[in-house]
Amino acid sequence: MPLSTARISGPLDRDGVAAFLDGALIPLRLACVAPSGWPIVVSLWFARRGDELVCATQRSSSLVRALEHEPRCAFEIAGERPPYRGVRGRAHVAIESDEGLATLAELVSRYLGGTEGSFARWLLGRTSPEVVLRLDPVEVSSWDYSRRMQG
């Protein structure tokens, strides 16, 4: 169920949620359940692609093993400084190969402003296979305490 059909609640409508996601240059916190039964939370760079949120990670990560075991997850994108506002929700995750590191390069450009810096080159030069995590939101809720926290 993509963002366009996900259940939306909170002060932001669908367009507001999309605008928030497009403007947020903070990591997405992804929560899932490991095969051991324990919950895990991982912070990842993300981008909105139409109705999906996409992240990249190494194929060998424990996060990928957990999502292969159980593809349902929860996510949150929220800043750590006032005024507090953000978006959280639940989603199904699909995992696919990041052919040519296209998604990783997109995320590096989004968060670092380009792919030419030394950290960007290091990220894009690793030899471990990368995967794309495609989150299809089922429900999304937003909050915005800007008015309450003015002054």
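Since we're looking at a predicted model, the values are computed, not measured.
Among residues two or more places apart in sequence or in another chain, the salt bridge (charged side-chain N to carboxylate O under 4.0 Å, His left out) test is passed with Arg29 by Glu76, Glu80. Here Arg65 pairs with nothing under the salt bridge (charged side-chain N to carboxylate O under 4.0 Å, His left out) rule; sequence neighbours left out.
Each of Val132, Val93, Val131, Leu44 was checked for a side chain to side chain contact (heavy atoms under 4.5 Å, CB included) with Cys55, and the lone residue meeting it is Leu44.
Closest non-hydrogen pair, Ile95 versus Glu68, comes out as CD1-CG, 3.7 Å. Here the closest heavy-atom approach between residue Asp98 and residue Thr103 is recorded as OD1-N, 2.9 Å. Pro137 approaches Leu135 most closely through the heavy-atom pair CD-O, 3.3 Å. Residues Ala78 and Trp143 share a closest heavy-atom pair of CB-CZ2, 3.5 Å. Pairing each heavy atom of Pro11 with each of Asp144, the nearest pair is CG-N, 4.0 Å.
Side-chain atoms of Ser142 never come within 3.5 Å of backbone atoms of Gly86 as a donor-acceptor pair (strictly under, hydrogens ignored).
Between Glu96 and Arg134, at least one side-chain nitrogen of the basic residue sits less than 4.0 Å from a carboxylate oxygen of the acidic one, meeting the salt-bridge criterion. Using a 4.0 Å cut-off between charged side-chain N and carboxylate O, Arg88 and Glu139 make no salt bridge.
Note: Trp38 CH2 to Cys32 SG = 14.5 Å, rounded to the nearest 0.5 Å.
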Identify every side-chain donor-acceptor pair in residues 20-28 under 3.5 Å, counting partners at least two apart or on other chains, and give the distances.
{"from": "Asp22", "atom 1": "OD1", "to": "Arg48", "atom 2": "NE", "distance (Å)": "2.8"}
{"from": "Asp22", "atom 1": "OD1", "to": "Arg48", "atom 2": "NH2", "distance (Å)": "3.4"}
{"from": "Asp22", "atom 1": "OD2", "to": "Arg48", "atom 2": "NH2", "distance (Å)": "2.7"}

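Few gaps surround CZ on Arg110; more than 12 heavy atoms of other groups in view lie less than 6.0 Å from it.
Leu104 and Leu112 end up in the same hydrophobic cluster when Ile, Leu, Val, Met, Phe, Trp and Tyr side chains are linked at under 4.5 Å.
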